[in-house]
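Written out below as structure tokens is the structure these notes cover.
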Amino acid sequence: MGLRLQAAEIHREVKAFYGNFGVLVRALAYILAHGGDGLRNATLDAVLNANYIRKGMEPYYELP
């Protein structure tokens with residue numbers, strides 16, 4: 001039983017590692033697909049959208 005429990009714990013750790021690896025690969029693929037200028041434009045669009053949503057929430061929430 002002890003050996004089986006240890007194997008399950010190892011599997012859980014390996015599974016978590018590969019989950020993070022997939023996120024990193026996806027991020028790298030996004031960066032490579034858009035290039036420097038495209039990544040900057042996507043960032044500026046994200047900030048603009050966040051500010052738009054923040055402005056719409058001001059009547060309902062106390063925001064900084």
Side-chain angles (χ1 to χ4, degrees):
M1 181 81 177
L3 183 59
R4 178 173 273 176
L5 180 60
Q6 185 179 10
E9 290 174 2
I10 291 171
H11 176 68
R12 183 174 55 226
E13 295 301 321
V14 169
K15 184 178 174 186
F17 173 76
Y18 284 123
N20 293 335
F21 181 74
V23 171
L24 296 175
V25 169
R26 195 173 305 133
L28 178 61
Y30 185 84
I31 291 169
L32 293 176
H34 288 283
D37 291 336
L39 194 58
R40 178 167 171 74
N41 289 338
T43 303
L44 292 174
D45 288 344
V47 170
L48 181 65
N49 288 333
N51 287 336
Y52 178 79
I53 291 171
R54 182 187 179 278
K55 192 69 172 170
M57 291 174 31
E58 278 182 350
Y60 308 104
Y61 296 98
E62 183 178 329
L63 301 171

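Computed from a predicted structure; not experimentally measured.
Applying the salt bridge (Lys or Arg N to Asp or Glu O under 4.0 Å) test to residues at least two apart or on different chains, none of the pairs has a partner in residues 22-40. Among residues at least two apart or in separate chains, ring pair (Phe, Tyr, Trp, His ring centres under 6.0 Å) pairs with a member in residues 25-58 are Y30-H34.
For I31, the side-chain contact (heavy atoms from CB on, under 4.5 Å) criterion is met by L39, not counting sequence neighbours. Considering only residues two or more places apart in sequence or on other chains, E58 meets the salt bridge (charged side-chain N to carboxylate O under 4.0 Å, His left out) condition with R54, K55. For Y61, the side-chain contact (heavy atoms from CB on, under 4.5 Å) criterion is met by M57, L63, not counting sequence neighbours.
A distance of 11.0 Å separates CG of N49 from CG of L44, quoted to the nearest 0.5 Å.
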